[in-house]
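Bear in mind the structure is a predicted one, so any value in this text is a computation, not a measurement.
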2 protein chains.
Amino acid sequence: MSDEAPWLDDAEMEAWLAVIGLVMRLPAALDDQLRREAGLSHFEYGVLASLERAEDRTMRMSDLAYLCNGSLSRLSHVARRLEEAGLIERFQCPTDGRSTLAKLTEPGLHRLVEAAPGHVRLVRELVFDELDEGEVAEFGALARRLVDRIKT
Amino acid sequence: MSDEAPWLDDAEMEAWLAVIGLVMRLPAALDDQLRREAGLSHFEYGVLASLERAEDRTMRMSDLAYLCNGSLSRLSHVARRLEEAGLIERFQCPTDGRSTLAKLTEPGLHRLVEAAPGHVRLVRELVFDELDEGEVAEFGALARRLVDRIKT
DNA sequence: TCCAAAAGATTGAACGTTCAACTAATTCTA
DNA sequence: TAGAATTAGTTGAACGTTCAATCTTTTGGA
């Protein structure tokens with residue numbers, strides 16, 4: 001453990017507080033809208049949306065958890081609830097008995113399609129109405145570099 | 001409710017997934033480090049750090065909640081635990097009987113000072129070692145605009 | 001001035017996430 | 001190829017957050 005840990009200077013602190021504000025408030029804002037209007041958490045929405053984009057609307061639990069930025073344990077609990085609600089189904093992977101595959105059901109797809117417009121509207125309001133095309137690209141590229149660094 | 005809600009195009013989606021990745025993984029990474037090394041959640045750390053910077057190390061609960069990007073209810077529960085641990089104390093505001101003031105105690109300050117180096121080290125690793133000065137300013141400014149829009 | 005409405009804060013219950021323990025299947029290695 | 005180690009996933013308990021209800025104090029209007 002290096003003892004090089006200089007405190008943040010003013011410019012860094014200002015940027016850092018903005019970033020912290022964003023990472024704490026954005027998920028909360030998305031959660032609120034989705035819960036009120038669609039009865040889904042943002043994480044649940046992410047699970048359904050990820051499956052929808054996947055080959056055969058099916059993914060391994062591990063890969064899904066990674067893609068949804070959550071732990072496997074978290075996904076496992078959420079998947080149980082989504083399965084009970086009939087929005088997804090789970091079954092063992094035929095090629096690797098350790099793996100579970102999750103698949104979006106028709107009702108799950110309908111639920112996603114119902115929820116999407118309101119969600120996208122908020123995302124536009126909060127992000128894409130504020131930034132122009134170039135800023136979006138810039139912001140996305142910087143965020144991507146930070147995410148990749150966190151993932152290690 | 002307008003029916004103008006065009007789906008995200010490829011560039012927008014790419015940026016959006018990066019932003020979502022950041023807002024979901026960064027708090028988790030900060031939480032992990034702080035819990036392991038200092039026995040504090042990131043939110044608790046933020047409460048202590050905010051009080052440390054405040055006039056007389058004291059703030060109204062409402063203002064503190066706002067500054068810490070959390071609900072008043074969340075802060076209230078956390079404050080009870082921090083008070084039980086002796087890290088803060090609470091008392092009624094002398095000028096407005098509705099308000100509660102929270103104040104950082106000496107043990108609370110020591111706990112913060114203990115936790116800070118490890119936390120700052122991680123923040124540097126994840127963010128400030130990746131971005132140069134200009135990128136930090138840019139990223140901070142963009143994040144600030146989005147946060148302000150969320151707050152409304 | 002009196003009463004209704006609003007603001008500040010707390011509380012308990014419901015819900016969701018994390019953590020650690022566990023099971024089962026596969027891969028590695030001696 | 002047997003046994004150890006690793007990988008994938010689930011589960012229950014502990015913990016933290018949210019939600020709605022409640023309480024108190026202050027503010028605003030008739």
Rounded to the nearest Å, what distance is computed from the CG atom of residue Leu64(A) to the P atom of nucleotide dA8(D)? 14 Å
Without decimals, in angstroms, what is the distance between Arg36(B) CZ and dA20(C) C1'? 16 Å
Whole-Å distance between dA20(C) P and Asp32(B) CG? 11 Å
Contacts of Arg60(A) and Arg35(A) projected onto DNA chain D by closest heavy atom; the upstream (5') one is Arg60(A)
Please state how far atom CG in Leu34(A) lies from atom P in dT18(D), giving the value in whole angstrom units. 15 Å
Value in whole Å for how far the P atom of dT17(C) lies from CE of Met24(B): 9 Å
Those residues at least two apart in sequence (or on a different chain) that pass side-chain contact (heavy atoms from CB on, under 4.5 Å) with Asp63(B) are Met59(B), Arg60(B)
Distance, rounded to the nearest Å, where Asp63(B) contributes CG and dA7(C) contributes P: 14 Å
CG-CZ distance between Leu8(B) and Arg124(A), expressed to the nearest 0.5 angstrom: 5.5 Å
With sequence neighbours excluded, what pairs up with Asp96(B) under the salt bridge (charged side-chain N to carboxylate O under 4.0 Å, His left out) test? Arg98(B)
Please list, chain by chain and in numerical order, all residues satisfying side-chain contact (heavy atoms from CB on, under 4.5 Å) with Arg145(B), sequence neighbours excluded. Glu130(A), Leu131(A), Glu135(A), Leu142(B)
Heavy-atom contacts under 4.0 Å between residues 46-58 of chain B and DNA chain D, which residues? none
Suppose we screen for salt bridge (charged side-chain N to carboxylate O under 4.0 Å, His left out). Which residues come up paired with Asp56(A), at least two apart in sequence or across chains? Lys103(A)
Any chance you could measure Thr58(B), atom OG1, to Leu101(B), atom CG, to the nearest 0.5 Å? 6.5 Å
Contacts of Arg74(B) that satisfy side chain to side chain donor-acceptor pair (under 3.5 Å) - sequence neighbours left out: none
With Val123(B) via side-chain contact (heavy atoms from CB on, under 4.5 Å) - residues at least two apart: Trp16(A), Leu30(B), His119(B), Phe128(B)
For DNA chain D, which residues of residues 95-102 of chain B approach it to below 4.0 angstrom with any heavy atom? Asp96(B), Gly97(B), Arg98(B)
What are the residues of residues 67-92 of chain B, sorted by number, that bring a heavy atom to within less than 4.0 Å of DNA chain C? Leu72(B), Ser73(B), Ser76(B), His77(B), Arg90(B)
Rounded to whole angstroms, how far apart are NE2 on His42(A) and P on dT17(D)? 20 Å
Taking atom P of dA8(D) as reference, at what distance in whole Å does atom OH of Tyr66(A) sit? 13 Å
According to salt bridge (charged side-chain N to carboxylate O under 4.0 Å, His left out), who are the partners of Arg53(A), at least two apart in sequence or on a separate chain? none
Results of side chain to side chain donor-acceptor pair (under 3.5 Å) for Arg144(A) - residues two or more places apart only: none
Across all chains, not counting sequence neighbours, the salt bridge (charged side-chain N to carboxylate O under 4.0 Å, His left out) partners of Glu55(A) are none
